[in-house]
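To start, the structure itself, in structure tokens.
A note on names: the letters A, B, ... follow the listed sequences, proteins ahead of strands, and every chain is numbered from 1.
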Amino acid sequence: MTEEPRSAEPRSPAAAVQLMNVGKTFDGVRVLRNLDFSVARGSVHALLGGNGSGKSTTLKILAGVYAADRGGTIAVHGRLHATDSYTASTARRSGLRFVHQDLGLVPDLTVSENFALEGGYPRLAGPAVSWRRLHRSTRQHLDRAHVDVDPRSLVRDLRPSDRTLVAIARALRDSDGGSHMTLVLDEPTASLPRHEAEILLEAIRGCQARGQTIVYVGHRLSEVLSIADRISVLRDGVLVADSPAADLDEAGIVTLMAGQTPATRGGEARRTAVGETVLKVDRLTAGPVRDVSLHVRQGEIVGVAGLLGSGRSTLLRAIFGQAGVEGGGIQVGGVPVAHRSAAAAMRCGIALVPEDRGADAAFPDLPLWENISATVIGRYWAGWRMARTTERRDSARLMRTFDVRAASPDVPFATLSGGNQQKAVLARWLRLDPRLLLLDEPTQGVDAMARADLHAAIREHVAKGNAALVVSSDFEELEALCHRVVVIRDGSCVAELAGAELTEAAVAGLTQIDRSKGPLT
Amino acid sequence: MTGTSVDTDVAPERLPAPPGERRRGSSRALSLSGIAERYGLLLLLVAMTLVFASLPASGEAFRSTANIQAVLASQAVGLTVALALLFPMAAGSFDFSVGAVTATSSVVAAASVSHFGLPLPLALVLATASGALVGSVLGILVARYAMNPFIATLGMATLLGGAVFAYTNGLQISKDIPATLTDLGSLSWFGVPLIVLAAALIAVVVWFVMSHTPLGRHLFAVGSNASAARLVGLDVARVRFLSFALSGLVSGVAGVLLLARQGAATSDNGMNMLFPALTAVFLSTIVIDVGRPSVLGTVIGVLFVAVSISGLTLVGAPAWVSQVFNGAALLVAVGVAGISRARRGAGSAGLART
Ligand SMILES: Nc1ncnc2c1ncn2[C@@H]1O[C@H](COP(=O)(O)OP(=O)(O)OP(=O)(O)O)[C@@H](O)[C@H]1O
Ligand SMILES: [Mg+2]
């Protein structure tokens, strides 16, 4: 590990992007301190760090979305800008292109219209828009980025992973324009299955081959190591390392991010489950799900693997009473259930952590503590008024248990970093002590250390005689967390892996077969 | 689409980071800009009051007990209408019917005693119930049949205005309005107009419901993200229904206060009461609990507009000033709310940028 003091090295004139003494303070809280680093032209530079360490903030400063504190300098292709004169249009003129963690797509517009927001509308005559040309050019951009999405569909209707791909395709839109481009990506693969992530990484390598520079933020260290030339690590807003990727390995990076050698966690409790059957799904048909049967017993964590659109999320939503069941049955604790609402499912002891945090879990403008207690509001009704003090204190306690890092329980949820938002959502559900935990991409955007902690929390919960059904695009996670994994293809179960058979490669293999056999939808 | 979804779906060109990480910084921060942001309107209200109280042209009249009583009493009905509007606004929907429901309720009360000779208590119950009924119908249209609240409430307001006109034939109902009721509108208790006490009581009740009951929390949760609210087990349709039903109920009470104050029900369609109420509620989102409509903020908003208009009138401004001021305050409130969001997105140093 090379732990270099900041700004020791000489400034490289060839740097595509260089930050000098950049800091950021939010309402009196310093989240970035004297940041100094430079991104060599034509390289893939990864920016890593734990949740809330300031990665997204750094990128937003680069984008001109946030103004950095006075006194710093941002250089793009050798041109110096004082931090207080650096704006979004400076960034754009200098050839920086961004895909933020929250993508920046307008849900109510079509894919084409979202492209036009940045690229403008092609004209038919005068002010009349040529929709044909717009759709056609959008189609081309999507194809080039290997995105199989109809330009006419609404972004709202796309799955999260498709949205990521669309946002990236949009950012790459004019990328063959020249080698002056710098593409900045914030956790682009957070909700992508491995196969899609590979396509994206390939697209990034293509950009690099054309001479472009890439700044990349991500939590999947294996992906980062496979693509990055140089890695910078942030810890609590301070740059703690900046070295060639070849000098680092996963364990070393985690140590740098955590500031200490993480205790080895004896995870992978692979013992066979012994308890009663908690969930029994029998020939369930609902939307894209066709004839799926599976069961989960007490003390068991069962994974669901599948490609985009294979019906994984619909399966969870159907169990939680959020998708119309067209056939088959669901039994919880031996009793047939047909929940019509989330409330009914919750009364039955079921919890669902949804896939799309922004759309289905966040109350962005409400305080963090209210977000954490959103599932239990009624419990704090003290007969004549809400026991707000107790409620807030309990939320604060859960923040500590789940290591949710925020300035205070009162800050609006939206100001939390992505990974901390996810931890808060998990806290909201685990506090219900559900006998059946449905998790859809539970650790998206969560850093390596916190992921291990969350896995431990899930295991501990299940060990108490509960059960969990986990959907994840991260097969590594399925291997580490689950006792069994069910592979779903085109809405039906095609395989089940357990014990020694259950490896990341095996799961990946079974989903790959799917791709070679039929067209992906 | 409802009011709140408007600001969650902003074009990325203008506001580069979508809501996830853009909206609202810490509202507890004690930085100077934070204080200015949270208490700006309150400070402005205090400043306005001091200025008008000390200006030679208006000072004496402005400070007089009679003027203070008149200003407060004139705002009691307006405040109640604004309080009614708070419920749907908290749950993320506009309600353009509050003014019309208030007018209708006052006609129902007046007609009950004057045309049908019903006893006063029964008339008041009927008036309040008529408001709750209209609100419930709107609630069903919006929550059950997924009608756009904007259209549904505007349609209802127009319909009620027409119905009131048809019933009253354009004439006011002033015969036999009991003195017990008009006393409420004209008498004082230890110098405080009774009608102001009534409005204050309603404000306290609404504040309690909004801040200290599960229902209040449910309203804000649905207003913040309806899909997430559904997934944490809330009955979103029920909450939306209740927001309109409560709005109708409080508007119904406002109608009773209106009758008490005016001593007669007019054929007015009540639309002129809507915009001051909207102004007050929008002003409430830029004070104290920034970004969130609140009872205290609404009271401050109502007082701010009332004090300003009273002062301006006393220094000799013409009558149209009140309308212009109301309109301008509404635009400024909506504008400031937007700018404050954008500024928070750009960070606290954002103002340094030119
Ligand atoms: N708009 C804001 N207002 C106040 N604080 C903020 C705001 N945006 C970010 N923060 C704070 O700044 C810190 C850094 O956040 P940032 O989003 O940069 O983290 P990150 O490294 O991207 O983390 P993650 O891996 O979880 O996405 C966090 O403590 C966060 O709470
Ligand atoms: Mg981030």
### Aromatic ring proximity A/Tyr66/A/Phe26, centre distance under 6.0 Å
yes
- Query: Within a radius of less than 6.0 Å around CZ of A/Arg30, do more than 12 heavy atoms belonging to other residues, nucleotides or ligands occur?
  - Reply: yes
Turns out that what part of A/Trp384 lies under 4.5 Å from chain B's heavy atoms comes down to both
Greatest number of non-hydrogen atom pairs under 4.5 angstrom with chain B, of A/Gly378, A/Ala406, A/Ala359, A/Ala387, falls to A/Ala359
Turns out that what part of A/Tyr380 lies under 4.5 Å from chain B's heavy atoms comes down to neither
If one checks every heavy atom of A/Ala374 against chain B at 4.5 Å, the contacting part turns out to be both
Honestly, the part of B/Ala229 sitting under 4.5 Å from a heavy atom of chain A is both
Quick note, salt bridge (Lys or Arg N to Asp or Glu O under 4.0 Å) partners involving residues 209-225 of chain B, not counting sequence neighbours, are A/Glu370-B/Arg217, A/Glu391-B/Arg217
Review point. Salt bridge or not for A/Arg392 and A/Asp410, using N-O below 4.0 Å?
Key: yes
Q. Mind checking whether B/Phe96 and B/Phe150 have ring centres under 6.0 Å apart?
A. yes
Okay, A/Ser341 and chain B: the region with an atom under 4.5 Å from a heavy atom over there is neither
Hits for side chain to side chain donor-acceptor pair (under 3.5 Å) against A/Ser89, two or more places apart or cross-chain, chain-then-number order -> A/Thr87
Whatever's closer than 4.5 Å to a heavy atom in chain B on A/Arg347 counts as neither
Among A/Leu432, A/Leu109, A/Ile61, A/Ile377, the residue with the most heavy-atom pairs under 4.5 Å to chain B is A/Ile377
